[in-house]
Amino acid sequence: MSTDISLKVLSESLGGKVLVRLRNGRVLRGVLQGYDQHMNLILEQAEELNDENSVSRQLGVIVVRGDSIIMVSPTIKEKK
Amino acid sequence: MSTDISLKVLSESLGGKVLVRLRNGRVLRGVLQGYDQHMNLILEQAEELNDENSVSRQLGVIVVRGDSIIMVSPTIKEKK
Amino acid sequence: MSTDISLKVLSESLGGKVLVRLRNGRVLRGVLQGYDQHMNLILEQAEELNDENSVSRQLGVIVVRGDSIIMVSPTIKEKK
Amino acid sequence: MSTDISLKVLSESLGGKVLVRLRNGRVLRGVLQGYDQHMNLILEQAEELNDENSVSRQLGVIVVRGDSIIMVSPTIKEKK
Amino acid sequence: MSTDISLKVLSESLGGKVLVRLRNGRVLRGVLQGYDQHMNLILEQAEELNDENSVSRQLGVIVVRGDSIIMVSPTIKEKK
Amino acid sequence: MSTDISLKVLSESLGGKVLVRLRNGRVLRGVLQGYDQHMNLILEQAEELNDENSVSRQLGVIVVRGDSIIMVSPTIKEKK
Amino acid sequence: MSTDISLKVLSESLGGKVLVRLRNGRVLRGVLQGYDQHMNLILEQAEELNDENSVSRQLGVIVVRGDSIIMVSPTIKEKK
């Protein structure tokens with residue numbers, strides 16, 4: 001109802017691990033250090049995951065553009 | 001006629017299960033906890049469904065970007 | 001000439017069946033219950049049609065994002 | 001030079017047949033009944049054409065979203 | 001440097017033949033009759049060219065949406 | 001830091017050759033004659049390059065839409 | 001929380017090497033010389049990397065359009 005609802009969820013996730021699914025099909029995981037109103041995200045200890053959810057690449061600190069993002073999962077509960 | 005018509009439907013769906021179809025072909029299901037005027041959605045107990053409408057993945061809490069969404073179905077009535 | 005011409009057609013279609021063609025190639029049919037200036041649509045008794053124009057899926061009430069829509073046909077006159 | 005040049009051409013085409021090419025490769029033909037500044041078009045007696053420019057489908061009245069359109073041809077002079 | 005630089009080139013091309021390359025890979029040629037600040041173009045005697053730069057289709061007068069355009073070549077100097 | 005940083009680089013490149021990579025995979029080369037704040041570019045003596053960086057087509061003067069551009073290289077230093 | 005968070009990370013990266021992943025799948029590396037609020041980047045000594053993270057092409061100075069970018073990694077820590 002509020003314009004801030006998605007930012008509120010991100011705010012509560014600061015300092016915690018998040019899972020980010022991108023439009024190009026890739027999945028990132030990292031510690032959320034910041035975000036802005038475009039849903040641009042700053043992740044630390046970022047990793048790219050492969051289809052089996054294991055780490056395929058260490059990315060360090062990254063800035064992810066919000067318009068590349070499909071969804072953000074503040075808590076990681078992955079089953080397959 | 002009103003600019004609020006789609007938000008009104010979402011408002012009435014708060015706390016209930018919704019089905020979300022994404023541009024990338026994926027289908028999500030979850031309890032709608034919030035939304036904003038961009039149609040960004042907060043889903044709890046979110047699940048990704050496969051083509052047979054069975055759950056393929058547990059996602060927990062997710063923020064879904066509105067511009068990734070094709071349609072939202074506030075009530076789930078799926079036949080195939 | 002007016003900025004309201006497409007909304008006017010939608011207004012006259014309220015309560016009637018409309019056919020909606022989406023960017024992803026899918027075709028929806030339902031009773032138009034509402035719309036806004038982004039051409040977001042609320043459909044009731046929504047159905048997804050297959051290539052032969054027979055119903056492949058019941059969707060119930062749906063919110064369709066305007067930017068997913070290619071065209072809306074307020075009256076259904078389909079031949080093939 | 002003017003911001004109204006494309007709308008002026010559409011204005012002169014009101015009541016006449018136009019050909020509309022869409023981003024998805026489809027071609028529509030119909031009588032132009034209205035348009036707005038987004039180039040959303042209202043077509044009556046709309047038809048979808050196949051590659052040989054013969055009618056593959058009758059669509060009746062349609063609202064075509066401007067952002068789905070590549071070009072509009074106010075007068076129909078098609079050779080192949 | 002100026003915001004009008006691309007419009008200035010189009011202005012100088014009014015009444016002359018231009019070549020227009022579209023996002024969908026197609027190439028159009030026609031006499032530039034008008035344009036606006038969105039780079040929407042009005043072409044007369046418009047033609048669609050095939051890969052060998054010969055005419056594959058006569059289009060007459062067309063309105064081309066600026067957001068479908070990759071580039072406009074005000075003077076035609078094509079070699080291959 | 002400044003909003004003008006990319007325009008400043010383009011400004012310094014006026015009159016010199018630039019390489020332009022487009023979203024559709026094509027590469028253009030030409031003398032930069034102008035640009036605007038959308039990164040629309042005016043190139044003279046424009047050429048399209050093939051994969052081996054040799055000229056495949058002479059384009060003369062062209063207006064390139066900024067939203068078709070991935071990157072602009074003000075100085076040409078190509079190795080392969 | 002701030003609108004400046006992604007720009008702040010870029011600011012701290014000025015003069016250092018960054019890795020840039022583009023929507024078209026390509027990966028660039030270069031020294032960050034500037035950026036603006038659209039995340040347009042100026043890179044010096046820019047290089048395009050292939051899938052094995054070795055240099056496939058020297059690009060010199062480049063302006064990268066922000067809307068072509070998926071993510072920017074201010075520090076380079078690549079494993080594979």
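Naming convention: chains lettered A, B, ... in sequence-line order (proteins, then strands); numbering from 1 in each chain. Because the structure is a prediction, the values reported are computed rather than measured.
For residues 40-50 of chain G, a heavy-atom distance under 4.5 Å to chain A picks out no residue at all.
For the pair G/Met71 and A/Leu59, the tightest heavy-atom approach, listed with the atom from each and the gap, is SD-CD1, 4.1 Å. Scanning both residues, A/Arg65 and G/His38, for their nearest heavy atoms gives NH1-O, 3.1 Å. Scanning both residues, G/Ser6 and A/Asp36, for their nearest heavy atoms gives OG-OD2, 3.4 Å.
Contact count versus chain G (heavy atoms, under 4.5 Å) is highest, among A/Asn24, A/Asp67, A/Ile69, for A/Asp67.
For the pair A/Ile62 and G/Arg21, the minimum side-chain heavy-atom distance is 4.5 Å or more.
Separation of atoms CD1 (G/Ile5) and CD (A/Gln33) is listed at 8.5 Å; rounding is to 0.5 Å.
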